[in-house]
Protein chains: 2
Amino acid sequence: MSPQPAAPRSRRERPAKPALTRDGIVATAVAIMRDEGLKRVTMRRLAQELDTGPASLYVYVRNTAELHAAILDELLGAVDLSPATTPGDWQDRLVRILSSYTAVLFEHPSLARSALVAMPSGEHYLDLLEALLALLSEGGIPDAQAAWGVDALLQYATSTAAEQSTRDRDGDAQGDWDALTTVLRDVSATTHPRLAALGDDLLSGPGQARLGWGLRVLINGMPHTPRPSTTDTP
Amino acid sequence: MSPQPAAPRSRRERPAKPALTRDGIVATAVAIMRDEGLKRVTMRRLAQELDTGPASLYVYVRNTAELHAAILDELLGAVDLSPATTPGDWQDRLVRILSSYTAVLFEHPSLARSALVAMPSGEHYLDLLEALLALLSEGGIPDAQAAWGVDALLQYATSTAAEQSTRDRDGDAQGDWDALTTVLRDVSATTHPRLAALGDDLLSGPGQARLGWGLRVLINGMPHTPRPSTTDTP
DNA sequence: ACCTGAACACCGTTCAAGT
DNA sequence: ACCTGAACACCGTTCAAGT
């Protein structure tokens, strides 16, 4: 017979069923995401894992969007902020931090999609913002530009990761991306001369390279671009 | 009695029930979105409107993502591309076209979210790309930068609209945005000095102003930022 | 070929009622 | 206060069967 006794288990074998607290809920959500993807991190699935009903979760989490934001903040603990206090070119160090941020998102691109809509506001996100602002300040970027610039950098990084989420997955959504590839290959040089001329180059390059380039474009452009005169500030 | 006879209607009063073709399906989808929002544009709802079952739609549309992309391309017909062939500063004209693009997305921010994941590949999108590339070329941006730059510009515009989708809606997701506002107000000047110093300015300004600024940052940075040496080009 | 009824396998969120 | 059973109002997608 199998050495594995068929004794009934209380449920699954998560890191021991956490108490029903916000932290326990988020930790379980992260575990499910690692095992089964963000798509499976639903209120119902989560409740099942915690041996309760979905309604119980609403005591600790306002809605699914807030849950996803909490998951992201948790993962953001893995971002390497050390370049903020290291010697060297400030632009390189800025890009290094942002690359570390993006690495997290590239591993969970569907989370990047959520992040665009519900930004996290947890500890780790604040630390990230602070580190980026310190480097912009060190680089002599005026406060006005830095305040908007840090948002632009993160938004660009996040949306690049979100966009990649489609391309990555096997087969399925691949089709949508191939659609543009195909159309671009067959475009008429008469009606769309620039598109025909550039061709494949429009879609060339690995995501990471395009991301790095885009971030440097933003960094290079920032000091040369004053903020608009404050006609209104709603 | 009411002058309105209570005679039974075949269904609703859409622009006359279109034939079951791809174009008819997309047209109906656009109508539902205008009336009830993108959230309601589901395969089932759409099928109901067309007096059929959801399975029938899969003959014409691969999946929901492709449907959303088709809707966006339809709306992109409203983008004003005329600045591409008008005299004046090329940067201003570039921003004008992108503002027109974003205006469409700001009216349907949930569509912007879809667009990040499944870019449209229809007629109108191609025309938009061509117009933007023509202006970048006119501005003397080298082809290599223009090819990646047009994508960066559109991605930045799209993600800005997507991000705004949360802030706009009444009440509901407002909470998520207020979360960051609140946290930022209470941040400690000891642990996060830059955040404390910049304070509200991090979140200040209307979306349109921030968007315009970000686009100009990209445009200004582009000519100063060569593409990385092509070590590998997967 | 095109179309569809019916099913499979799920969702988020609320609310009245319990402890 | 915290927790929950049950319900409400939905989803996308597939497939075998029809025309």
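Here is the naming used below: chain letters follow the sequence lines, and residue numbers restart at 1 for every chain.
- We find that B:R96 and B:D80 are not joined by a salt bridge, their nearest charged nitrogen and carboxylate oxygen being 4.0 Å or further apart.
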Test side-chain contact (heavy atoms from CB on, under 4.5 Å) on B:E163 and A:V117 and set out the steps.
CA-CA 5 Å; B:E163 204 173 41; A:V117 162; over 6 Å; no
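- The nearest whole Å value for the distance from the CG atom in A:L57 to the P atom in D:dG5 is 12 Å.
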Sugar-phosphate means primed atoms, P, OP1 and OP2; the rest is base. With that split, encode nucleotides 8-19 of chain C 5' to 3' as B, S or - using protein heavy atoms under 4.0 Å.
---BBBBB----
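- Nearest heavy-atom pair across A:A69 and A:A118 is CB-O, 3.6 Å.
- Side-chain atoms of A:E49 and A:T28 include no donor-acceptor pair closer than 3.5 Å.
- The CD atom of B:Q48 sits 16 Å away from the C1' atom of C:dG5 (whole-angstrom rounding).
- Of the P atoms belonging to D:dC10 and C:dC8, the separation is 22 Å, rounded to the nearest Å.
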Does the side-chain contact (heavy atoms from CB on, under 4.5 Å) test come out yes or no for A:R62 and A:L67, once each step is laid out?
CA-CA 8 Å; A:R62 194 193 315 277; A:L67 176 67; over 6 Å; no
Start with the C-alpha gap between A:R34 and A:H108, add the side-chain angles, then the distance that decides, and say whether side-chain contact (heavy atoms from CB on, under 4.5 Å) holds.
CA-CA 9 Å; A:R34 288 199 204 278; A:H108 307 279; 4.2 Å; yes
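- Here the separation of D:dA9 from C:dA9, taken at their P atoms, is 25 Å to the nearest Å.
- Counting heavy atoms from C-beta outward, A:E74 and A:D23 have side chains that stay 4.5 Å or more apart.
- Listed by first residue number, the stems of DNA chain C with at least three Watson-Crick or G-U pairs below 3.5 Å are C:4-8 with D:12-16, C:12-16 with D:4-8.
- Whole-Å rounding puts the B:L20 CG to C:dT4 C1' distance at 11 Å.
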Output, in order, the C-alpha distance, side-chain angles, deciding distance and verdict of side-chain contact (heavy atoms from CB on, under 4.5 Å) for A:L132 and A:L154.
CA-CA 10 Å; A:L132 295 174; A:L154 285 170; 3.9 Å; yes
